[in-house]
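This report concerns only the one structure given below.
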Amino acid sequence: MADLDGIIANKDKDYGIGVPVANQNFFLKGSDNLDWGMKNRLSRIFNPETGRAVMLAFDHGYIMGPTSGLERLDLSIVPLIPYADSIMCTRGALRAVVPAAMDKGICLRYSAGSTMLTELNNECTIDINDAIRMNVSTMAVMVSIGGTYEAKTIENLVRTADMGYKYGIPSMGVTAVGTQMARDARYFALAARVCAENGANIVKTYYTEDDFAKVINACPVPIVIAGGKKLEEKAALELCYKAINEGAAGVDMGRNVFQSANPVAMIQAVNAVVHKNFTPDQGFEMFNDLSK
Ligand code: 5RP
């Protein structure tokens with residue numbers, strides 16, 4: 001029943017007279033003008049307290065089949081989820097193995113179409129209704145700059161971003177690396193910028209030893225890095241550290257976590273480097289301690 005007393009006897013109400021309403025600046029680069037739903041979903045990928053992200057990538061099966069470490073997602077991946085801010089996976093893996101009660105962000109692999117047995121990146125995108133049904137936080141689309149399917153993959157991103165803006169779901173451009181492409185800052189700066197200009201709200205790319213800060217600064221939206229092939233744990237933590245300290249907003253890491261000698265320890269060490277500013281030495285010490 002309506003509380004008429006509250007309206008009549010209003011002398012105790014606090015209207016905060018004299019206290020200006022604070023402006024809310026959103027914490028992520030290039031995201032201030034996005035709609036509320038977009039920002040809310042981005043806050044499930046990037047931790048609002050640090051502005052950074054630990055994304056656990058295990059979408060490899062969509063092009064590589066049962067990748068080492070991912071043969072049994074229920075056994076290898078589900079125990080790692082509590083230590084990540086978000087997971088990156090296909091809709092098949094999400095529905096089959098990820099507990100629906102988990103409270104992490106979801107980066108859905110939103111494009112697919114070919115495997116490593118043929119030519120990569122000849123892809124189409126998923127139906128937006130499925131992304132909505134699964135309550136995803138961002139949609140990841142492969143973008144192959146300079147590759148055979150450049151136009152098609154950019155169109156996939158454009159269409160995804162169109163749908164994303166319509167329904168408040170951010171898009172992530174994933175920069176594919178063709179076999180003939182130089183993996184240098186010049187290339188990744190171009191690829192990352194093309195993704196952002198075409199509507200991506202997040203860009204996933206690779207760390208470059210030289211001039212990575214130029215890749216970051218030339219991209220108007222947050223960049224997360226892929227881990228790439230398995231490295232020694234200390235080297236993988238150094239990669240995270242350098243990327244974060246040179247401006248990356250997070251890591252979207254797969255093989256260097258789930259192929260580690262101790263994946264549960266490794267993801268916690270990665271998390272400490274990303275969110276707690278641990279040095280690679282401190283992170284490696286943590287990895288060793290947790291592995292005892
Ligand atoms: C492939 C991807 C993978 O998710 C990505 O490469 C992350 O995994 P890894 O750290 O093993 O490279 O986006 O396109």
Side-chain angles (χ1 to χ4, degrees), residues 28-31 42 45-46 51-55 57 59-60 63-64 88 107 109-111 116 119-123 138-158 160-161 170-231 235-257 270 273-274 280:
L28 280 179
K29 170 165 126 172
S31 310
L42 284 168
I45 300 290
F46 297 92
R52 295 178 181 166
V54 174
M55 305 173 70
D59 58 326
H60 306 59
I63 50 174
M64 302 202 295
M88 178 182 187
C107 174
R109 168 58 70 178
Y110 194 72
S111 64
M116 58 189 284
E119 205 170 355
L120 290 173
N121 303 318
N122 186 5
E123 299 194 330
T138 189
M139 303 177 286
V141 175
M142 199 63 107
V143 180
S144 174
I145 301 302
T148 311
Y149 298 104
E150 177 182 272
K152 192 172 185 185
T153 58
I154 292 178
E155 184 180 348
N156 284 342
L157 174 64
V158 168
T160 302
S171 305
M172 179 162 98
V174 181
T175 59
V177 191
T179 41
Q180 69 280 32
M181 303 297 165
R183 292 180 172 226
D184 59 17
R186 201 162 152 236
Y187 173 74
F188 287 125
L190 187 156
R193 181 62 173 263
V194 168
C195 287
E197 298 267 0
N198 282 295
N201 307 107
I202 310 169
V203 174
K204 174 170 173 173
T205 189
Y206 290 85
Y207 177 74
T208 57
E209 281 296 334
D210 296 320
D211 292 332
F212 184 63
K214 291 185 183 170
V215 179
I216 296 290
N217 278 19
C219 182
V221 299
I223 283 185
V224 296
I225 61 146
K229 285 187 184 155
K230 171 80 176 68
L231 304 166
L237 294 168
E238 269 162 12
L239 173 71
C240 296
Y241 181 83
K242 286 191 284 190
I244 292 293
N245 283 280
E246 290 169 38
V251 300
D252 188 7
M253 204 167 239
R255 286 162 287 182
N256 278 292
V257 171
V270 168
V273 169
V274 172

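Quantities reported herein were computed from a predicted structural model and do not represent experimental measurements.
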Please confirm whether Arg183 makes a cation-pi placement over Phe188, using NZ or CZ under 6.0 Å from the six-membered ring centre and within 45° of the ring normal.
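Checked: cation-pi criterion not met.
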
For [Y], is there any backbone N or O sitting under 3.5 Å from a side-chain donor or acceptor partner on [X]?
{"X": "Asp211", "Y": "Lys214", "answer": "no"}
{"X": "Thr205", "Y": "Ala192", "answer": "no"}
{"X": "Tyr187", "Y": "Ile145", "answer": "yes"}

Between atom [atom1] of [X] and atom [atom2] of [Y], what is the distance when rounded to the nearest 0.5 Å?
{"X": "Ile202", "Y": "Cys107", "atom1": "CD1", "atom2": "SG", "result": "6.5 Å"}
{"X": "Lys230", "Y": "Arg255", "atom1": "NZ", "atom2": "CZ", "result": "11.5 Å"}
{"X": "Cys219", "Y": "Leu190", "atom1": "SG", "atom2": "CG", "result": "11.5 Å"}
{"X": "Met139", "Y": "Met172", "atom1": "CE", "atom2": "CE", "result": "11.5 Å"}
{"X": "Glu155", "Y": "Glu150", "atom1": "CD", "atom2": "CD", "result": "12.5 Å"}

Lys/Arg N to Asp/Glu carboxylate O, Glu197 vs Arg193, below 4.0 Å:
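The answer is yes: the pair qualifies as a salt bridge.
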
Do Thr175 and Val203 pass the side-chain contact (heavy atoms from CB on, under 4.5 Å) test, and can you show the C-alpha distance, the side-chain angles, and the key distance before you say yes or no?
CA-CA 8 Å; Thr175 59; Val203 174; 4.2 Å; yes

What do the steps show when you test Glu123 against Thr153 for side-chain hydrogen bond (donor to acceptor under 3.5 Å, both in side chains), and what is the final call?
CA-CA 7 Å; Glu123 299 194 330; Thr153 58; over 6 Å; no

Minimum heavy-atom distance Ile225-Ala248, with the two atoms named:
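What the structure gives for the nearest pair is CG2-CB, 4.4 Å.
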
Give the minimum heavy-atom separation between Phe46 and Ala53, together with the two atoms involved.
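Nearest heavy atoms, Phe46 then Ala53: CD2-CB, 3.5 Å.
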
Residue pair Asn121, Thr148: steps toward the side-chain contact (heavy atoms from CB on, under 4.5 Å) verdict:
CA-CA 8 Å; Asn121 303 318; Thr148 311; over 6 Å; no

Check each of Arg52, Arg109, Lys204 against Asp252 using the salt bridge (charged side-chain N to carboxylate O under 4.0 Å, His left out) test, and report the only one that passes.
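The passing option is Lys204.
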
